[in-house]
Amino acid sequence: MDLHEAIRARRTVRDFQKRPIAPATLERIIDAGLHAPTNDHLRSWEFVVIDEPARRLEVLAKVRKSWTPAAVDRWLDSWHSSDALQRAMYLDGVPKQHRMLLEAGALVLPCFRQVSPLLEPESQSALNGFASIWCCIENMLLAAAAEGVFGVTRIPFATESTHLKRLLGVPGDYEIACYLALGYPAPGATAPRQHLPTAKARLHRERW
């Protein structure tokens, strides 16, 4: 699969087969991530992979297990969300969050070095480490798509981050960017419709 095919093939999947990802395949996906651009030329990125079912349950102990459609609706209303496609995507995806992380073929926690407080940046450049780890994650998602593997990211809430860092022994100067769930789509895995603008519609020349 060439690059443009992988870009078009990549999609968010939250319904997985109960099928592990071979270690060599996962290493190829992570290697692709390590070829992403980096802010400090050091690629200060580490990856914690959680395979054991009991360990997964420990890791996900702070992730909310159940959401009713009404609860998701109230949450979306608090955002003042009025876009029908956005609401449909969240109504499908939010109730699956715990299960998708638990059942994915691989659960990866990408970590990046962050010396200054992530949520109290002195300037936009203080977020360079956070920005570059997401370049790494996108590379991983594209490499995964080329392998027939798809996935989804979920950024941990503050209580989850504290739990994860303590449980996994993450050094104090590192942050966990997200949960990255990767796997083979289950038969009939849902793919909610999304907005897909063209470059022509979003391109501004010389000024906005």
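Once rounded to the nearest 0.5 Å, the distance linking CD1 of I133 with CD of E138 reads 12.5 Å. Separating the CG atom in D173 from the CZ atom in R113 is a distance of 4.5 Å, to the nearest 0.5 Å. Distance check: L57 CG to E52 CD gives 11.5 Å after rounding to the nearest 0.5 Å.
In terms of heavy-atom proximity, L164 sits nearest to V170 at O-CG2, 4.5 Å. Pairing each heavy atom of P156 with each of I176, the nearest pair is CG-O, 4.1 Å. For the pair T38 and S132, the tightest heavy-atom approach, listed with the atom from each and the gap, is CA-CB, 3.9 Å. The two atoms that bring I21 and A106 nearest to each other are CD1-CB, 3.8 Å, heavy atoms only. Closest non-hydrogen pair, C178 versus I137, comes out as SG-CD1, 3.7 Å. The shortest non-hydrogen separation linking P69 to L91 is O-CD2, 3.8 Å.
The backbone N or O of Y174 sits less than 3.5 Å from a side-chain atom of K165, completing a donor-acceptor pair. A distance-only check finds a donor-acceptor pair linking the side chain of N139 to the backbone of A32 [under 3.5 Å]. Remark: the backbone N or O of S116 is paired with a side-chain donor or acceptor of Q114 at under 3.5 angstrom. When atom types are taken as modelled, the side chain of H163 and the backbone of V63 share no donor-acceptor pair closer than 3.5 angstrom. Under a 3.5 Å cut-off, the side chain of R43 and the backbone N or O of A36 do form a donor-acceptor pair. Checked by atom type and distance alone, the side chain of R193 never pairs as donor or acceptor with a backbone atom of A88 at under 3.5 Å. No donor-acceptor pair closer than 3.5 Å links the side chain of R19 to the backbone N or O of G183.
L107 and W134 are not part of a single hydrophobic cluster, where members link through side-chain heavy atoms under 4.5 Å apart. Tracing side-chain contacts under 4.5 Å through hydrophobic residues (I, L, V, M, F, W, Y), one never reaches V48 starting from W45; they form parts of separate clusters. Residues L180 and V149 are members of one and the same hydrophobic cluster, defined by side-chain heavy-atom contacts under 4.5 angstrom among Ile, Leu, Val, Met, Phe, Trp and Tyr. Under a hydrophobic-cluster definition in which Ile, Leu, Val, Met, Phe, Trp and Tyr are linked whenever side-chain heavy atoms come within less than 4.5 Å, directly or via other members, L34 and L182 are assigned to the same cluster. If you chain together hydrophobic residues whose side chains sit under 4.5 Å apart, L101 and F157 never meet in one group.
Side-chain atoms of V59 and L167, non-hydrogen and from C-beta on, do get closer than 4.5 Å to each other. Counting only heavy atoms from C-beta outward, the side chains of T190 and V13 never approach each other to under 4.5 Å. The side-chain heavy atoms of Y184 and F16, taken from C-beta on, include no pair separated by under 4.5 Å. Looking at L85 and Q194, their side chains never come closer than 4.5 Å, going by heavy atoms from C-beta outward. Put simply, the side chain of L60 does not reach to within 4.5 Å of the side chain of I50, judged on heavy atoms. The shortest distance between side-chain heavy atoms of L118 and L127 falls below 4.5 Å. Using a 4.5 Å cut-off on side-chain heavy atoms (C-beta onward), F47 and L109 make no contact. Annotation: side chain of S125 is in contact with side chain of N128 (closest heavy-atom distance under 4.5 Å).
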Full working for salt bridge (charged side-chain N to carboxylate O under 4.0 Å, His left out) between R99 and D15:
CA-CA 8 Å; R99 177 169 57 83; D15 306 290; 3.5 Å; yes
Begin from the C-alpha positions of R154 and E160 and carry the test side-chain contact (heavy atoms from CB on, under 4.5 Å) through to its verdict.
CA-CA 11 Å; R154 182 184 179 282; E160 296 170 31; 2.6 Å; yes
Check against side-chain contact (heavy atoms from CB on, under 4.5 Å), E147 and R28:
CA-CA 9 Å; E147 301 270 1; R28 284 195 298 274; 2.7 Å; yes
side-chain contact (heavy atoms from CB on, under 4.5 Å) evaluation trace for M89 with D83
CA-CA 10 Å; M89 186 274 291; D83 184 274; over 6 Å; no
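Side-chain contact of Y179 with Q97: a donor-acceptor pair under 3.5 Å is absent, judged by distance alone.
Remark: of the listed residues L142, L141, D2, L142 is the sole one forming a side-chain contact (heavy atoms from CB on, under 4.5 Å) with I7.
One finds no salt bridge joining R10 and E5 here, because no Lys/Arg side-chain nitrogen approaches an Asp/Glu carboxylate oxygen to under 4.0 Å. Under the 4.0 Å criterion applied to side-chain N and carboxylate O atoms, D92 and K96 are assigned as salt-bridge partners.
For NE2 of H195, the number of neighbouring non-hydrogen atoms (other residues, nucleotides, ligands) closer than 6.0 Å is greater than 12. Counting heavy atoms of neighbouring residues, nucleotides and ligands inside a 6.0 Å radius, atom CG of L203 exceeds 12 of them.
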Taking distance alone, no hydrogens or angles, what donor-acceptor pairs closer than 3.5 Å link side-chain atoms of residues 74-82 to residues at least two apart or in another chain?
from	atom 1	to	atom 2	distance (Å)
D77	OD1	R87	NH1	3.2
D77	OD1	R87	NH2	3.1
S78	OG	W75	O	2.5
S81	OG	Q86	OE1	2.6

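Ring orientation note: the planes of W208 and H204 are close to parallel, at an angle under 30° on the 30°/60° scale.
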